[in-house]
Enquirer: 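What follows is a structure written as structure tokens; I'll ask about it next.
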Amino acid sequence: MTRLYTMDKPDERNRLDAMAQGIIGRPLDRPDGSAKTTGVAPYAAEYVLADCAEGVLVLATISRGEVVEIESAPVLGMPGVLAVIADPRMITRSAQGGAGKSPVREIHKVDYYGQPVALVVAETFEQARDAATRLRIAYRADDPAKVPLEQDDSHAAHEAYGEPVEQGNLDVAMRDAAHAVDVTYTTEGHASAAMEPHASIADWDGNTLTAHSSLQMLKYNQKELADALGIKPEQVRLISPYVGGGFGSKLGISAELTAAAVAAIELGRPVRVVMSRQQVFQCVMRRSETRQRIRLAADGEGRLNGFGHEAWVSNLPGEKFAEPVTQASEFLYRGEHRRLRIDLARIHRMTAGSVRAPGEAVGMQCLEAAMDELALASGIDPVELRLRNIPEMHPSEGLPYSSRRLAECLKVGAERFGWDGSDRRPCQRREGEWWIGTGMATACRVHNLNEAQARVTLSTDGTAVVESDMTDIGTGTYAILGQIAGEMLGLPPEKVLVQLGDTRYPPGAGSGGSWGAASTGSAVFAACESIREQLAEQLGVDEADLTLKDGTAVAGNRRIPFTELVKADLTETGHFKNGGIDEKFAIAMYGAFFVEVGVNAYTGETRVRRMTGAFGLGRALNAKTATSQCLGGMVWGIGSALTEELVFDPRDGHLVNHDVAEYHVPVNADVPALDVVLVDERDPAGSPLQAKGVGELGICGAAGAIANAIHHACGVRVRSFPITPDKLLDQLPEL
Amino acid sequence: MKPFDYQRAHGLGDAGQLLVAEGAKPIAGGTNLLDLMKLEVETPTALVDVNRLPLGGITPHGEGLHIGALVSNSACAADPRIRGQYPVLARAILAGATFQLRNKATTGGNLCQRTRCYYFYDLSQSCNKREPGTGCAAIGGFNRIHAILGASDACIATYPGDMAVALSALDATVEIHGAKGDKRMVPVRDFHRLPGDTPERDNVLEPGDVITGVVLPAPPGGTQLYRKVRDRASYAFALVSVAAVVHLEEGVIASARLAFGGLAHKPWHDPRVEALLEGQAPSDALFDEAAALLLDTARGQGSNDFKIPLTRRTLKAVLREATGGTL
Amino acid sequence: MPITINGAEHDLDVDPRTSLLDFLRTGCGLTGTKKGCDHGQCGACTVLLNGQRINSCLTLAVMHDGDSVTTIEGLGTPDAPHPLQAAFVRHDGYQCGYCTPGQICSAKAMLDEVAAGWTSFVSDDVAGAPKLSEEEIRERMSGNVCRCGAYSNIVAAIAEVAEAQA
């Protein structure tokens, strides 16, 4: 049986708080923790298949043109080499999140430096890697001087992306403002750099392609792979119970999966293809670099009348995605005169796509730095400035907000941190050779929901099983789905088994856009509600009067253990749909960051000394995993503020820093003790769980707080992220 | 990685003979060589494992110490004599890489560490160091980590290590066993080369040479500092580093031994700067003069222009700290 | 001579090009040791070689006859976890889990290094006895990259085990 839940109005019933088990929200350890910490959890590349061959991708070394010839013969003569494959079923770009169909797969046409153009398969990995390195490919290359490689390139085509917001007259508002800020910020490209490189093992039995693959959203990935191979989705089975991080880079399938699949079909044996770390950098999604012009027009009290946020981003020709930089700017702050727009330049770099918190991750960090400039210009405490600009209604669409804890987050965070915003003049505190400063920023991320199904079975032995093709990419899905089912069915968590990451299970929401927990969790919730009704009916009581706890049903004065009550397994599939709730309310997660940094007076090195994040993200389904997600986001904020930057050589468009030695993600020493506060919230419009999204909020604005702290410390306002020492040096006070 | 013959050297003479062969390379820790072999930047046809040679141990040597070539970076930095009497060396080693890498990396191998130039690492880019005569893509490209001193039109790569910078300040000597059984001593300051027209040669080693150890002179005393400026708080190569051994006597700089990392194809040592400082009372004006002299031939390549002011400021910080001054 | 891995002997009859990491994962089926970058830049492949932590990706299997290797599987099991493994679970010192075995092997060796008196770059006195502050743990664990950003919890987990051992 299937129970459909359509989210078309707020769910005010708040059912989870009324349940008896008392596990929802508790900071329980993850059920997958033991397997992960002892090394027995299998990731995609780690399955043992008999007779498995090894494939290594070969990437293009031109920015645009054609493959004229692949000189396979010398390589085929090398020991162990089985095949050199360049097949029209192989994709040459990663699929965008939720595409559900194959991305571009013109294997002989080159659109960017680092694009996959062939696969070399051999008996062993060493043989395949050597052969792939030595494979000679002849190209007809377009003159790099005529290929648009950067946004500013005169050859680059530009288009408007999405629906611009033009409201009132921003120019006049700026002219008449008591305090006006008109600034341009830039951010560089980012890589997800998940710790597990993209990996797939494909096996073809003549009818079905089974793949162990590192993926975030299996129901779409199944269709993407089937479309590329020209087979039916039912002929594709994907298995991904453990995923070593995704951050958007595994939303859609990548080149290694179709390459492995084609090789397995052609060779009639399983084939494993794991991208090298360098290849992950070169041919998987990047976050676009951005240029952002922000205009803020405020009255004497700092209230915004005018608000402008215009962004310039890039992507490959043909790609539908553009970094939605202004997403939160649409509704976060007041200002009746508004201008929001995104310009998309078509350039030849690897596909731009979703990297953790697409839009807000870089949009909020620049907006919040600009807000700090307004606070300085107006002499208003930055926290107070934000409080004064929380709108009553969506400033463009007139929608009401659902639960919004921004003000509480600002106040709670300020108190936890010990914020003093009374004097924001820079260069006031020095400890030895370190300038010390503080800064803050708002956090904001839109709430997304996605269709999801999950099957719940309550068994005669008093245990339950939850099944969905949903993935756990480190987000805590195993934990929270078990807690939802346990709470609803009255079972302790150890009595609930959660099975994920296999397309044989019902299609979940997938992990992306922070929607996984609220969407797939709601499918579990719906299934459990139905099971509760069946138990209530059996006991002859109203479902609302049924108490389930510790494997026992209590109805009136009767207490019956499930082992007696459940005569045959009760199986129910919950099916959750977004019924347009987001057209009735502006729904988002909010928070506030407070940071203290030290800037070295000699060298311009910046170190984050402490950082507090206060977040209102609806109900936290597991306080421990939710806190960890926020911590992780804040670490990304540190990277975005100080070190992370994809560097492309303007002469040929190749990615210069394509490894972890030169693309600097934060290491342990870059991260101080981080303090996370989850502000208690239930958002009835967020989901029937009153939960919203967690995984991305922690990054959205964090880097802005760091930039503001740097200014407060040493008086240098850097409008170009990341803020590396070289950008501070020439403006630091003389020694 | 290209196939190679794996050979194990059982004695120094044995090693020398195996290494004379064209395409042979010694492997000790392997942390840099295997990194490059996987990319086929290095393609030895024979790999001579020298790990079982008796080149371990740190032993007294005259008034100083002899550090065996196979002493791991970790063991060297943990040795009480190094920590107590040559803290600049311990600190420099601990500034480099990670505990995992230092446990494997050896004293001899670390001296032979190759550049981190992005273009050297990328087979699809031209590089005179990797493939002589193909050109230098780093010139005119992205060269944030590249040289501002001693570069040539053929190569602007930097030597990336930390240990050798301290060894240069300490005026240590490299002990080399030649293929013919001869032993020669080369000052660390002369061990690495400037690129000139032959950037493929990082150092003065000849085919068949085996580094057997490093000799430290008598403990220099004084104030010993190693300062490393980098993009991350840890696990990153130096943008600029300074090793300093400074003696202050009666308010005057009696001696100053300085070496610099991240600036050139070799650990940079400029005797003119030391001579300028010696016999002078420490002052900001003096330090500025020293920095100006150090950098009088410095030339930026675009993305690394900032290294010039960064070096000036870092040197000032180090000299102030070494002479008891503060900001 | 064979190599000893988690107490069991294994023959080293492999392509000389095989890294110790690939030998563990493919040759021995010990996939708890992870390949994150294959170039010594991330630490996911950290194992203990004769008790010391190394990046198993940057050494050849054939170089290690007679050596003893301990991997995450040799530290503890789901039924009998090492105190560090249990502490990582309690403190949520991981998320996706891919860097985790390397983090835990690294932490094990790190505690031994501190016990042996090794200082680090952030030690005030490089010649003195190290004190395991949080700053020291952060520096000493910086060879293990965690992209999920679990660092705060990793430090808490290690600090707890270190205190219990003290």
Enquirer: Would you check, one step at a time, whether the test side-chain hydrogen bond (donor to acceptor under 3.5 Å, both in side chains) holds for C:Thr71 with C:Asn6?
Expert: CA-CA 7 Å; C:Thr71 70; C:Asn6 301 332; 2.8 Å; yes
Enquirer: With a 4.5 Å cut-off on heavy-atom pairs, point out which of B:Leu33, B:Ile82, B:Thr98, B:Leu34 contacts chain C the most.
Expert: B:Leu34
Enquirer: Do C:Met1 and C:Leu12 have side-chain heavy atoms sitting under 4.5 Å apart?
Expert: no
Enquirer: Less than 4.5 Å apart, side chain to side chain, heavy atoms only: is that true for B:Tyr159 and B:Thr115?
Expert: no
Enquirer: Would you say B:Gln100 and C:Thr46 are linked by a side-chain donor-acceptor pair, where the criterion is simply a distance under 3.5 Å?
Expert: yes
Enquirer: Which one wins on heavy-atom pair count under 4.5 Å against chain B: C:Met63, C:Gln52, C:Gln41?
Expert: C:Met63
Enquirer: Mind ranking B:Pro3, B:Gly30, B:Gly84 by heavy-atom pairs under 4.5 Å with chain C and telling me who comes out on top?
Expert: B:Pro3
Enquirer: Where on B:Pro87 is there a heavy atom nearer than 4.5 Å to chain C: the side chain, the backbone, both, or neither?
Expert: both
Enquirer: Decide yes or no for B:Asp162 and B:Ile93: does some side-chain heavy atom of the first lie under 4.5 Å from some side-chain heavy atom of the second?
Expert: no
Enquirer: Write out, in numerical order, the residues from residues 216-228 of chain B with a heavy atom short of 4.5 Å from a heavy atom in chain C.
Expert: B:Tyr226
Enquirer: Judged by modelled atom types alone, do B:Asp35 and C:His39 share a side-chain donor-acceptor pair under 3.5 Å?
Expert: yes
Enquirer: Would you say the side chain of C:Phe121 lies within less than 4.5 Å of the side chain of C:Glu136, judging by non-hydrogen atoms?
Expert: no
Enquirer: Compute whether any side-chain donor of one residue and acceptor of the other, for C:Ser68 and C:Asn50, lie under 3.5 angstrom apart.
Expert: no
Enquirer: Walk me through it: do B:Leu89 and B:Ile67 pass the test side chain to side chain contact (heavy atoms under 4.5 Å, CB included)?
Expert: CA-CA 12 Å; B:Leu89 178 57; B:Ile67 305 168; 4.1 Å; yes
Enquirer: Could you check if a side-chain atom of B:Met37 sits within less than 4.5 angstrom of a side-chain atom of B:Phe4, using non-hydrogen atoms only?
Expert: yes
Enquirer: State, without any angle test, whether C:Arg138 and C:Tyr151 hold a side-chain donor-acceptor pair at a distance under 3.5 Å.
Expert: no
Enquirer: Relative to chain B, which segment of C:Leu49 carries a heavy atom at a distance below 4.5 Å: side chain, backbone, both, or neither?
Expert: side chain
Enquirer: If only side-chain N and O atoms count, and only distance matters, is there a donor-acceptor pair under 3.5 Å linking C:Thr77 with C:Asp79?
Expert: no
Enquirer: Considering only heavy atoms, which portion of C:Cys37 lies under 4.5 Å from any heavy atom of chain B: side chain, backbone, both, or neither?
Expert: neither
Enquirer: Between B:Arg130 and B:Glu42, does any NZ, NE, NH1 or NH2 come within less than 4.0 Å of an OD or OE carboxylate oxygen?
Expert: no
Enquirer: State, with a plain yes or no, whether a side-chain heavy atom of C:Leu84 is found less than 4.5 Å away from one of C:Leu75.
Expert: no
Enquirer: Tabulate, in ascending numerical order, the residues of residues 106-119 of chain C having at least one heavy atom closer than 4.5 Å to a heavy atom of chain B, or enter 'none'.
Expert: C:Ser106, C:Glu113, C:Gly117, C:Trp118, C:Thr119
Enquirer: With a 4.5 angstrom heavy-atom cut-off, could you sort out which part of B:Ala105 is near chain C: side chain, backbone, both or neither?
Expert: neither
Enquirer: Strictly less than 4.5 Å between heavy atoms, which residues of residues 229-236 of chain B line up against chain C? Please order them by number.
Expert: B:Arg230, B:Ala233, B:Ser234, B:Tyr235
Enquirer: Can you check whether anything in residues 47-58 of chain B gets within less than 4.5 Å of chain C, heavy-atom wise, and list it by number?
Expert: B:Leu47, B:Asp49, B:Asn51, B:Arg52
Enquirer: Going through the distances and angles, do C:Gln85 and C:Ile72 end up as a side chain to side chain contact (heavy atoms under 4.5 Å, CB included)?
Expert: CA-CA 9 Å; C:Gln85 291 169 321; C:Ile72 190 70; 3.5 Å; yes
Enquirer: Taking side chain as everything from C-beta outward and backbone as N, CA, C, O, which of these in C:Asp15 sits under 4.5 Å from a heavy atom of chain B? Side chain, backbone, both or neither.
Expert: neither
Enquirer: Looking only at side-chain N and O atoms, does B:Thr158 offer a donor or acceptor that is under 3.5 Å from a partner on B:His146?
Expert: no
Enquirer: Taking B:Arg114's backbone N and O only, do any of them form a donor-acceptor pair with B:Asn32's side chain (distance below 3.5 Å, no angle check)?
Expert: yes
Enquirer: Please look at B:Arg8 and chain C and tell me whether the side chain, the backbone, both or neither of the residue comes under 4.5 angstrom of a heavy atom of that chain.
Expert: side chain
Enquirer: Any side-chain heavy atom of C:Met141 within less than 4.5 Å of one from C:Cys146?
Expert: no
Enquirer: Which one wins on heavy-atom pair count under 4.5 Å against chain C: B:Lys104, B:Arg102, B:Lys38, B:Lys2?
Expert: B:Lys38
Enquirer: Looking at side-chain heavy atoms only, is the closest gap between C:Val62 and C:Phe23 below 4.5 Å?
Expert: no
Enquirer: Are C:Asp22 and C:Arg25 close enough for a salt bridge, meaning some N to O gap below 4.0 Å?
Expert: no
Enquirer: Could you check C:Asn55, C:Ile54, C:Leu60 and say which one makes a side-chain contact (heavy atoms from CB on, under 4.5 Å) with C:Leu20?
Expert: C:Ile54
